[in-house]
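Below is one structure, written out as structure tokens, with a few remarks after it.
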Amino acid sequence: MKPSRRTFLSQVGAAAIATSVINVDVHAAATDSSNQRANECAKLRRDAAQAGLQATPQNLQHPNNQDENLYPNKIGNYSKGLPHNNDGTVVLSAYNALVNALNTGRPADFDAIPLGGSRGLTNPQSGLAFDMQGPDAHALVQPPAPAFASREQAAEISENYWMALLRDVPYSQYSGNPIANAAAADLTLYGSDFKGPKSGATVTTATLFRGLTPGDLVGPYISQFFYHDCNFGANKIEQKITTTIPGVNYMTDFNTWLAVQRGIAQGPDAFDPVPRYIRDGRDMGQWVHIDVLFQAYFQAFLVLANSGAPFDDGNPYNNSPNQIGFGTFGGPHIATLLCEVATRALKAVWYQKWFVHRRLRPEVMAERVDRTLFAGAGYPVHAEILNSFNDSNRLKGFMPAGSALLPMAFPEGSPTHPAYGAGHATVAGACVTILKAWFKETTRLVDIGLDPEQPTDDGLSLVPYAGSDAGDLTVGGELNKIGANVALGRNTAGVHWRSDAAESFKLGEAIAIGILKDQRACYNEVFNGFSLTKFDGTTVTV
């Protein structure tokens, strides 16, 4: 029997009512689930914030070396880009305007800082930014930088001079090069005040300009991750670079030096038309001149991923019967994490640079040495660096006569922000820490098909590295080394100090470990933490 129109309509109405009731129930269940998830997310973030608060000591102090208070004319502090007097010292009213802005934090006060030329100050307000993950930038402490008049600072500027003198000498030739041997002998005379690596108590050509972390003294000077080709998706990347031509240095006369300090643009660079593998300090300096700050570590990641390097034992997907990592514990996770820690590293070190230390750049310290030696300035530089310029077996025998200005690799000299800590080194510390957490550090390169190579002295090709320690190169050691290459490459260019690198590695490491700890609570997988070797040689699980 056909249903009547009324019966049909009543059935449709009943179905509609039933459907609406079901939809209400589904919506209510979804709302309950959504609310539960939102509450769980809010609690996780509150717990992380509370843990960060409890880990930050009350009345935390950020000590500096007191040079700013000690010298009324500010000869021991950063002032590049501000107006300068004809004797090379900063115009005090401009320096005071800078300090006032840093003290008030008001954007209008930053806009009121006078400049001496066209180069602006690089992003001081970034040191006031907050972050939603990892330790707060102001919760981390760097020890005071070496003081202006200290013997340690004399040792550091001495290393900068020798780096400049050896800029065009291939690393492979150091053992037989007279300048390299003189550099090692000179730096040895500083004893414990020179903090670079030594063999016993002696700086040698094998330890010269190398880093201090595990693996830095093994194998060729440059990390293997700067040599092996890698695939960036479908693009194959050959690691030759565009470098600058040898023998061209900048800021070697006082008038040019002064113009640069005032922020008057210089240039351009003189480029080598032939691509080459990194084989000397000039190449390394040019690489760190224009790199994207996490680029070296992203390239290292690509090399390791392409080679099938094993993940850390803590990765929960190592032994999964039916799953692989991707958005968590897989390639996209680590690739994006390198960029993520880099931006937080910059904010943390920018606080140290502008708001705590305001350390002068090596190019300025060298000018203070130069004016003391040759212009009667009487600056209180340590006597040991003056002794080196008075001894023909030390710097006097190799630097241009009558000058102690630091020959710079870049026409503009240093960037327009203070030296300590170092942005490149802080990013290096953070990114290398992430990679050491992700990959099994003890893996030998030869076991994953990365046979050690080094460039020919002209940088045109790679040849096998035949040293007796070729089989000792490991993933962890070469990751430490690439961080040191980048950080100390900035020193070779003349824009940073050794202590900038050494202390900034630790700052970046702390940032990365803090982010890994915060993220650990976010995963659904059974995860007991990554293990890694810190830069001081100790191990930690995060």
Salt bridge [X]-[Y], side-chain N to carboxylate O under 4.0 Å:
{"X": "E412", "Y": "R119", "value": "no"}
{"X": "E156", "Y": "R359", "value": "yes"}
{"X": "D283", "Y": "R276", "value": "no"}
{"X": "E40", "Y": "K43", "value": "no"}

F329 and Y523 aromatic ring geometry - parallel, tilted or perpendicular at 30°/60° bounds: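 Y523 and F329: tilted rings.
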
Y351 and F355 aromatic ring geometry - parallel, tilted or perpendicular at 30°/60° bounds: parallel

Y78 side chain to K80 backbone, donor-acceptor under 3.5 Å: yes

To the nearest 0.5 angstrom, please state how far the [atom1] atom of [X] sits from the [atom2] atom of [Y].
{"X": "I511", "Y": "S504", "atom1": "CD1", "atom2": "OG", "answer": "9.5 Å"}
{"X": "Q299", "Y": "H228", "atom1": "CD", "atom2": "NE2", "answer": "13.0 Å"}
{"X": "I448", "Y": "N306", "atom1": "CD1", "atom2": "CG", "answer": "10.5 Å"}
{"X": "W497", "Y": "K195", "atom1": "CH2", "atom2": "NZ", "answer": "15.0 Å"}
{"X": "R490", "Y": "M284", "atom1": "CZ", "atom2": "CE", "answer": "10.5 Å"}
{"X": "K440", "Y": "L532", "atom1": "NZ", "atom2": "CG", "answer": "14.5 Å"}

Side chain to side chain donor-acceptor pair (under 3.5 Å) between E68 and Y95, intermediate numbers included: CA-CA 11 Å; E68 191 172 68; Y95 192 88; 2.4 Å; yes

Are side-chain N/O atoms of [X] and [Y] paired as donor and acceptor at under 3.5 Å?
{"X": "S531", "Y": "T541", "result": "yes"}
{"X": "T104", "Y": "D109", "result": "yes"}
{"X": "R361", "Y": "H496", "result": "yes"}
{"X": "K74", "Y": "S79", "result": "no"}
{"X": "Q66", "Y": "N64", "result": "yes"}

Residue F326 excluded, over 12 heavy atoms near CZ under 6.0 Å: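 No, CZ of F326 has 12 or fewer neighbouring heavy atoms, counting only those of other groups under 6.0 Å.
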
Flag if over 12 foreign heavy atoms under 6.0 Å of CG, N69: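 Above 12, so yes.
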
Cation-aromatic face contact K481/F226, 6.0 Å, 45 degrees: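 Negative - K481 is either too far from the ring of F226 or too far off its axis.
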
K353 NZ/CZ over W350 ring centroid, <6.0 Å and within 45° of normal: yes

Passing option when Y221 is tested against Y227, Y465, Y171 for ring pair (Phe, Tyr, Trp, His ring centres under 6.0 Å): Y171

F311, F530, F225 screened by ring pair (Phe, Tyr, Trp, His ring centres under 6.0 Å) with F439, the one that passes: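 Answer after filtering F311, F530, F225: F311.
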
Check against salt bridge (Lys or Arg N to Asp or Glu O under 4.0 Å), K506 and E509: CA-CA 5 Å; K506 301 173 190 176; E509 181 180 71; over 6 Å; no

Residue pair V540 / T538, side-chain heavy-atom distance below 4.5 Å: no

